[in-house]
Every structure is written in C-alpha cells, then in structure tokens.
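Being a predicted model, the structure only gives us computed values, none of them experimental.
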Amino acid sequence: MQLATWNINSLSVRLPQVVAWLAANPVDALCLQELKLTDDKFPFAALQEAGYHAVAMGQKTYNGVAILSRSPLRDVVRNIPGHDDQQARVIAATMDTATGPVRLVNCYFVNGQEPGSEKFAYKMRWLQALHDWLRTELAAHPRLALLGDFNVAPEDRDSYDPVGLRETIHHTTEERAHFQALLALGLTDAYRMFEQPEKAYSWWDYRMLGFQKNRGLRIDHILVSEALRGTVKACTIDRAPRKNPQPSDHAPVVATLD
DNA sequence: ATGGCGATTCCAAATCGA
C-alpha cells in the first residue's frame, strides 16, 4: 500500500500534473493541500476517470484539502471538531485495505508568516487544537496516518540554511516543540525511519532559482501511528514534478506500507 | 534590509505563501 501527500498550490492549475503523476504513481491514497477552489469546482469527474474516489473540503482562493483514494472513503471529518476555523485545513477519512482500515488525516498546517504576528498566534492555537483532537482520533483509530504540509522543518537538517534561518518561520523552537508533541502521541516521521540523502527537501521557493540551487525545506510529512509503524517499508520524496513546466513549489512525499 | 515567483481576485494592484 502506498500513501502520498502533495501541496499542489491550486488544483485548477495543477490538475493535469496530478492526473499524470497518479498515472505514473498509482498510489492507494493521495492527500492534496492548497486546492484554492470551492467544492462546486472540485474535479470529481476527472479524478474518477483517473480511477480515484475523492472527498474534499475546499474554500475560495486559499487553503483547501482533499483525499483521493483507489477504494471508497468513509467517516469523513472536515476541520478539527470543536475548533472554530474559517479556513479549510483538515479532512480525515477511513480507507479500507486488505490489511484493515487506515485512518487518513490530511492537514494543511497554518503558515504563520512571522513569529510574534497574529498569524503565528493562530498557528500555535491551531497546532494545540490539532494535537488535542488527534489524541482522541488515535484512540478511536489505532491505524492512523497524519499526512500533509506541516509548515514546520522539524530539525536543522530539514532546512537549507538552519543557521541563517534560526528562529524564523518554520524553524522556531515553538513550532518544533509542537511537532515533537505530535510524535509524543505515538506518531513516527516515516521519512526518518530510513537512511535518506543529505539535504533532502520537499519545498523550494519559486524565486532565486531555489530548486536549481536546492535551497529548500522539508516541511511536507507523513507520520504513522504505532500500529502502522512496523508495516512501513519505504518513504521517499519525488522531486520529479518540481521539474515540470509550471510546477507546484512542493514535491510529493510517498510512504510504502505492507 | 528588501525583493526576487506564482496564483488569485471586484481584471489589476494587492494579498498570501514559506
């Protein structure tokens, strides 16, 4: 079984690339972030044609998340229950597989812009709410994967310039503490379960030849619960779509499980 | 220190992303 996550920065623009990527990478589930479109504009038909069911939580212009899957999705939850939020950032659903159900939690974490800002404070509140909800979600669904654009570089090795960017957004002590709190729930960063190349990132700035110079951050992650941990066989970042004409600034992350 | 690119929207200067 393969699970993937990809921030596609506008599904309207990137739909052809998503369909092409799925044809070349027929994963069982793909979590998308930054749809930037409302549900009435979501391309259910084109994705069905590509062989995928889909559930979505969209919004005009900003944010928006969806889960695509080979098999039907059930028990869909949109945004964090009990956490009032104007922004479409979370969608969770259960996928039945040969080895049992898997709970998929797809998140577009808050960016936060700048430490000390109101947006950063919103990021901290959102991270706390996610953590508190995931505790109950994990109890209800032991086989759980948390996938998405976390907007956090968990460690110095996840940044192209950890010294120059110390305590800037995605690198702050507070954001990293929240990431560690998610791990403390029993989740494991699938990418770090395996030996990986040096300077491996999942996002590169469009500006200043960021990708060509590999000035990137590893901010897109797949975390797996204790019950799934032993079944994870591989986790990779697929840099190929970042080389496409008109690419997303993020690359897909793929986890392979038994 | 700032902007640099790309997408979106009251269609075009402003906002947001990371």
Query - Rounded interatomic separation in angstrom, taking CG from A/Leu165 and C1' from B/dA18 - result: 10 Å
Requested in this report: Please name the pair of heavy atoms, one in A/Asp220 and one in A/Val253, separated by the smallest distance, quoted to 0.1 Å.
Outcome: O-CG2, 3.6 Å
Query raised in the report: Under a 4.5 Å side-chain heavy-atom rule over Ile, Leu, Val, Met, Phe, Trp and Tyr, are A/Phe179 and A/Phe109 clustered together?
Result: yes
Query raised in the report: Does A/Tyr108 place a side-chain N or O at less than 4.0 Å from the phosphate oxygens OP1/OP2 of B/dA18?
Result: yes
Report summary line: A/His250 NE2 to B/dC16 P, in whole Å, measures 17 Å
Query - Nucleotide B/dA18, atom P - distance to NE2 of A/His221 in whole Å - result: 12 Å
Query raised in the report: Nearest to the side chain of A/Leu217, which nucleotide is it out of B/dC16, B/dA18, B/dT8?
Result: B/dA18
Query raised in the report: Heavy atoms, side chains only, cut-off 4.5 Å: are A/Ser159 and A/His171 in contact?
Result: yes
Query raised in the report: Side chain of A/Asn111, base of B/dA18: donor and acceptor closer than 3.5 Å?
Result: yes
Report task. Look at A/Lys123 and B/dG17 and indicate whether a side-chain polar atom (N or O) is within less than 4.0 Å of OP1 or OP2. Result -> no
Report task. Rounded off to whole Å, could you give me the CD1-to-P distance for the A/Ile8 and B/dG6 pair? Result -> 17 Å
**Report entry** Euclidean distance for C1', B/dA18 against B/dC5 (whole angstrom)
**Finding:** 12 Å
Query - Atom-to-atom span, NZ of A/Lys36 to C1' of B/dT15 - whole angstrom - result: 10 Å
Query raised in the report: Looking across every strand, which nucleic acid part, if any, lies under 4.0 Å from A/His171 by heavy atom: base, sugar-phosphate, or nothing?
Result: nothing
Report task. For A/Tyr160 and B/dA18, give me the distance from atom OH to atom P, rounded to whole Å. Result -> 14 Å
Query raised in the report: Taking atom CG of A/Leu185 and atom CG of A/Leu134, what is their separation to the nearest 0.5 Å?
Result: 6.5 Å
Report task. Establish, with yes or no, whether the OP1 or OP2 oxygen of B/dT8 is under 4.0 angstrom from a side-chain nitrogen or oxygen of A/Ser10. Result -> yes
Query raised in the report: Checking all strands, does A/Arg14 fall into the base, sugar-phosphate, or nothing category for heavy-atom contacts under 4.0 angstrom?
Result: sugar-phosphate
Query - From A/Glu167 atom CD to A/Thr172 atom OG1, the distance as rounded to the nearest 0.5 Å - result: 6.0 Å
Query raised in the report: In whole Å, what separates the P atom of B/dA14 from that of B/dC10?
Result: 15 Å
Requested in this report: Would you mind telling me which of B/dT8, B/dT15, B/dT9 lies closest to the side-chain atoms of A/Val13?
Outcome: B/dT8
Query raised in the report: In whole Å, what separates the P atom of B/dT15 from that of B/dC11?
Result: 16 Å
Report summary line: To the nearest 0.5 Å, atom CG of A/Leu22 lies from atom OH of A/Tyr52 at 4.5 Å
Requested in this report: Starting from the 5' end of DNA chain B, give me the residue, A/Asn7 or A/Gln246, whose nearest nucleotide shows up first.
Outcome: A/Gln246
**Report entry** Nearest-angstrom distance from the residue atom CD of A/Gln87 to C1' of B/dG17
**Finding:** 12 Å
**Report entry** Span that lies between the C1' atom of B/dC16 and that of B/dG4, in whole angstrom
**Finding:** 15 Å
Requested in this report: For B/dG3 and B/dA12, measure between their P atoms and round to the nearest Å.
Outcome: 24 Å
Report summary line: Regarding the side chain of A/Arg89, the nearest nucleotide among B/dG17, B/dT9, B/dC16 is B/dG17
**Report entry** DNA chain B: 5'-proximal contact among A/Arg207 and A/Glu34 (nearest heavy atom)
**Finding:** A/Arg207
**Report entry** Between C1' of B/dA18 and CH2 of A/Trp204, the distance in whole Å
**Finding:** 13 Å
